[in-house]
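Let me begin by presenting the structure, written as structure tokens, before commenting on it.
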Amino acid sequence: MSRRRAKASTPKTAARLPGDRASADAIARMIRVDQAGEYGAARIYDGQLAVLKDSTAASAVRHMAAQEKRHLERFDTLVAERRVRPTALSPLWHIAGYALGAATAMLSERAAMACTVAVEEVIDEHYRSQLEALGGTDADLAAIVADFRADELEHRDTALKHGAADTPGYPLLSAAIKTGSRLAIWLSTRI
Ligand SMILES: [Fe+2]
Ligand SMILES: [Fe+2]
């Protein structure tokens with residue numbers, strides 16, 4: 001009985017309450033993974049544009065790529081300003097992002113768009129969970145994340161308008177890209 005009581009009173013260190021402040025370490029990890037993610041996104045669009053060139057979807061992709069460039073430049077600046085250690089996995093995202101973009105574009109324009117929908121849905125949930133974790137902490141970072149999250153949702157909608165969901169094998173393709181994107185987030189937060 002006394003043992004049970006002792007167990008029940010053990011504080012749950014991992015639990016967060018509304019109003020808790022995100023630690024400096026947690027914020028550094030957020031900036032690290034966000035820079036990595038924006039870098040990966042920019043590389044995906046580089047790969048897509050290398051294949052799509054002047055096709056009908058290319059101008060929409062070019063617009064999204066320009067926004068990703070803005071996102072990346074902002075996180076590059078934050079990493080420098082706050083002296084955050086960048087991910088050691090940039091060389092991997094350099095290749096994997098480009099390969100994913102090029103491979104999906106080679107399948108079809110719609111598959112390239114399906115790739116964007118899958119990635120943006122994962123990024124949306126990632127940015128939403130960061131905003132929750134930040135709570136009232138670091139209003140500057142929260143404003144950047146909220147701003148970019150709105151762009152990512154716009155990219156998802158653009159890709160859906162271009163027929164992403166009509167790609168043959170869409171559920172399987174989407175699930176595979178989402179799994180890869182979540183793994184990339186997990187790794188870039190830590191390494
Ligand atoms: Fe982005
Ligand atoms: Fe995006």
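This structure is a prediction, so every number in the text was calculated from the model and none was measured. All ligand and atom numbering here is 1-based and tracks the order in the structure.
Residues R32 and V79 have side chains not in contact (no heavy-atom distance under 4.5 Å, counting atoms from C-beta outward). The side-chain heavy atoms of T104 and I177, taken from C-beta on, include a pair separated by under 4.5 Å.
Partners of K178 according to the side-chain contact (heavy atoms from CB on, under 4.5 Å) rule, which considers only residues two or more places apart in sequence or in another chain, are A118, E121, V122, S174, R182.
In terms of distance to the Fe ion (ligand 1), the nearest N, O or S atom of E38 is named OE1.
Each protein N, O or S atom less than 2.8 Å from the Fe ion (ligand 2) was counted, giving 4.
Counting only residues at least two apart or on different chains, the ring-ring contact (aromatic ring centres under 6.0 Å, His included) pairs with a member in residues 146-191 are H71-F148, F75-F148.
By the 4.5 Å side-chain criterion applied to Ile, Leu, Val, Met, Phe, Trp and Tyr, M106 is assigned to a cluster that also includes V51.
Between T87 and S188, the shortest heavy-atom distance links the atoms OG1-CA, 4.1 Å.
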